[in-house]
2 protein chains.
Amino acid sequence: MTQQQRTVAAGHASPWHGGRRRRDRALKRDAVIRAAARAFRERGYHNTSLDDIAAALGVTKPTLYYYVRNKQDLLFECFQAGLAGIGAAFDEARRSHGNGRERLRIVLRGYALAIASEFGWCMVRAEDQDLDAAMSARIRARKGEIDRQIRALIQQGTADGSIRDCDAKITAFAIAGALNWIAHWHRESEALAAADIADRFIGFFEDGLRPRR
Amino acid sequence: MTQQQRTVAAGHASPWHGGRRRRDRALKRDAVIRAAARAFRERGYHNTSLDDIAAALGVTKPTLYYYVRNKQDLLFECFQAGLAGIGAAFDEARRSHGNGRERLRIVLRGYALAIASEFGWCMVRAEDQDLDAAMSARIRARKGEIDRQIRALIQQGTADGSIRDCDAKITAFAIAGALNWIAHWHRESEALAAADIADRFIGFFEDGLRPRR
DNA sequence: CAGTTATCTTACTCATGGGTAACATCGTGG
DNA sequence: CCACGATGTTACCCATGAGTAAGATAACTG
């Protein structure tokens with residue numbers, strides 16, 4: 001079985017397959033990041049070598065450096081890729097004219113889907129420990145911003161009566177923690193699809209947060 | 001500043017300090033495991049070298065091998081050390097004659113304290129990725145057992161009416177996830193003490209789980 | 001106090017893997 | 001169709017860190 005056959009068998013097309021060498025930098029860079037995300041999730045950041053990632057794409061290690069500065073950067077890009085979905089969910093929530101609880105639901109759904117995606121593991125694990133000061137500061141800033149916005153939605157909900165009285169800080173931590181944890185156990189092969197998991201978790205928290213009549 | 005002064009300044013006495021070499025294998029082994037747990041939590045498993053751990057104790061690397069088989073084993077022992085607290089909480093819950101919700105509270109309190117302890121990070125992160133098949137299987141078994149017992153308490157609670165109707169599996173996942181997540185952000189320097197955090201999280205979930213009147 | 005054992009150190013080995021240099025090759029625009 | 005820039009490759013360097021071997025030294029034991 002060739003490398004190409006193996007990669008394809010895993011269900012992940014590589015832009016390097018198919019005879020002709022093509023010039024499509026953006027597409028290839030994307031493929032590199034996705035391959036890295038999958039490998040990191042599967043085996044962990046430190047147990048994944050750049051050779052592994054390159055092999056999964058049917059390419060050699062130095063090629064990766066043509067698309068990415070270094071290994072750290074790769075992890076950071078995986079983080080950013082996952083972030084997009086969350087940003088979109090916040091936008092959607094802002095556009096909707098629902099009450100706090102409904103807006104929170106929209107955000108949490110996007111959040112849960114992002115965490116269950118191939119980038120989820122990287123988003124959750126990309127932290128101080130493996131990154132230099134600059135990158136780790138950027139990540140902390142982004143995560144802090146998300147936390148802040150979730151708290152704001154919770155407070156809006158308690159203000160408009162759609163969420164029961166609660167400590168916004170603890171509530172946000174608890175919900176985000178529970179959702180983040182999904183990245184630790186969810187695999188694509190799982191019985192439950194990502195959307196299913198998201199809905200159930202959200203259902204659980206919504207029931208818990210709805211005010212007592 | 002000597003190594004001893006540094007270690008002491010960090011608030012962690014080492015059995016190797018204090019002139020005379022003493023024979024106290026159990027105590028020293030314990031110190032090794034605690035030092036490892038702190039270092040892993042601080043910098044991560046892969047970013048911590050055995051030299052680091054040894055230095056924190058004022059000792060050289062080969063000495064560690066006198067107390068522990070290898071690095072994996074060290075991580076595994078950290079996991080087990082943290083487990084003790086959880087086991088005790090389950091025992092206490094069994095002895096108590098409260099309803100499901102009250103028993104769950106006892107367990108969750110012990111669980112949260114264990115996660116917030118110095119071993120919490122290791123408990124949460126000790127997984128397949130960094131351990132060989134045998135150890136990883138043992139850890140998965142222990143974690144599965146905990147999950148099973150938490151679900152049982154939830155079901156008991158819904159049966160006796162102390163917990164609202166809910167999917168026990170999702171509920172257990174959500175609660176355990178939220179508590180596990182504490183290990184990712186809690187540090188001893190934190191404004192909130194561990195017991196405080198535990199109580200607030202439990203309060204949050206209890207309010208959410210209490211049945212509607 | 002002498003021999004024995006537990007404990008610890010110095011001084012290594014060796015595999016791994018991130019990163020780079022220099023060269024080969026493909027595609028495309030003039 | 002050819003020269004030049006965009007892609008990739010082979011072959012390397014080198015720091016790090018897990019683990020070991022063999023010897024030193026301190027604490028017990030008789």
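Below, read A as the first sequence line, B as the second, and so on, with proteins coming before strands; counting in each chain starts at 1. All values reported here derive from a predicted model rather than from experimental measurement.
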So, A:R34 versus A:H12: side-chain donor-acceptor pair below 3.5 Å or not?
no

Would you indicate which nucleotide in C:dT7, D:dT9, D:dT7 comes nearest to any side-chain atom of B:R25?
C:dT7

Rounded to whole Å, CG of A:D51 lies from C1' of D:dA11 at a distance of 13 Å

When rounded to whole Å, the CZ to C1' distance for the pair A:R29 and D:dT7 reads 16 Å

Quick one: A:L74 CG to C:dG19 P, roughly how many Å, whole number?
10 Å

Step through the shown structure and confirm whether more than 12 heavy atoms of other residues, nucleotides or ligands are within 6.0 Å of CD on A:E42.
no

For A:Y66 and D:dT7, is the shortest distance between a side-chain N/O and OP1 or OP2 below 4.0 Å?
yes

Is the distance from OP1 or OP2 of D:dG8 to the nearest side-chain N or O of A:T63 less than 4.0 Å?
no

Sidechain N-carboxylate O distance under 4.0 Å for B:R148, B:E145
yes

Between C1' of C:dG17 and CG of A:N47, the distance in whole Å:
12 Å

Under 6.0 Å from the ring centre and within 45 degrees of the ring axis: does the NZ or CZ of B:R101 meet both conditions for the six-membered ring of B:F205?
no

Charged N-O contact under 4.0 Å between B:D130 and B:R125:
no

Protein N or O to nucleotides 20-25 of chain D N or O, pairs below 3.5 Å:
residue	atom	partner	partner atom	Å
D:dT25	O2	B:R21	NH1	3.2

Rounded to the nearest 0.5 Å, how far apart are OG1 of B:T171 and CZ of A:R200?
10.5 Å

CA sep, side-chain torsions, deciding dist, call: A:D132, A:M135, side-chain contact (heavy atoms from CB on, under 4.5 Å):
CA-CA 6 Å; A:D132 65 31; A:M135 284 188 180; 3.6 Å; yes

Strictly below 4.0 Å, heavy-atom distances to any atom of DNA chain C: list the hits from residues 35-46 of chain B, or just say none.
none

Taken to the nearest whole Å, CG/B:L64 to P/C:dT9 is 10 Å

Can you tell me how far P of C:dG18 sits from CG of A:D73, to the nearest Å?
14 Å

Check B:G110 against B:A89 and note the closest heavy-atom contact, atom names and distance.
CA-CB, 3.8 Å

For B:S49, answer base if it contacts any base atom (sugar-phosphate contacts may also be present), sugar-phosphate if it contacts only those atoms, and nothing otherwise; contact means non-hydrogen atoms under 4.0 Å.
sugar-phosphate

By ring pair (Phe, Tyr, Trp, His ring centres under 6.0 Å), A:F79 pairs with (sequence neighbours left out) none

Salt bridge (charged side-chain N to carboxylate O under 4.0 Å, His left out) partners for A:R151, two or more places apart:
A:D147

Would you please name every residue forming a ring pair (Phe, Tyr, Trp, His ring centres under 6.0 Å) with A:Y45, sequence neighbours left out?
A:F40

At a cut-off of 3.5 Å, list every protein nitrogen or oxygen paired with a nitrogen or oxygen from nucleotides 3-5 of chain C, distance to 0.1 Å.
residue	atom	partner	partner atom	Å
C:dT5	O2	B:R23	NH2	3.3

Does the plane of the ring in A:W185 sit parallel, tilted or perpendicular to the ring in A:F201? Use 30° and 60° as the thresholds.
parallel

Please state how far atom CH2 in B:W16 lies from atom C1' in C:dT9, giving the value in whole angstrom units.
14 Å

Just the rounded figure in Å: distance from C1' of C:dG17 to CD of A:Q72.
15 Å

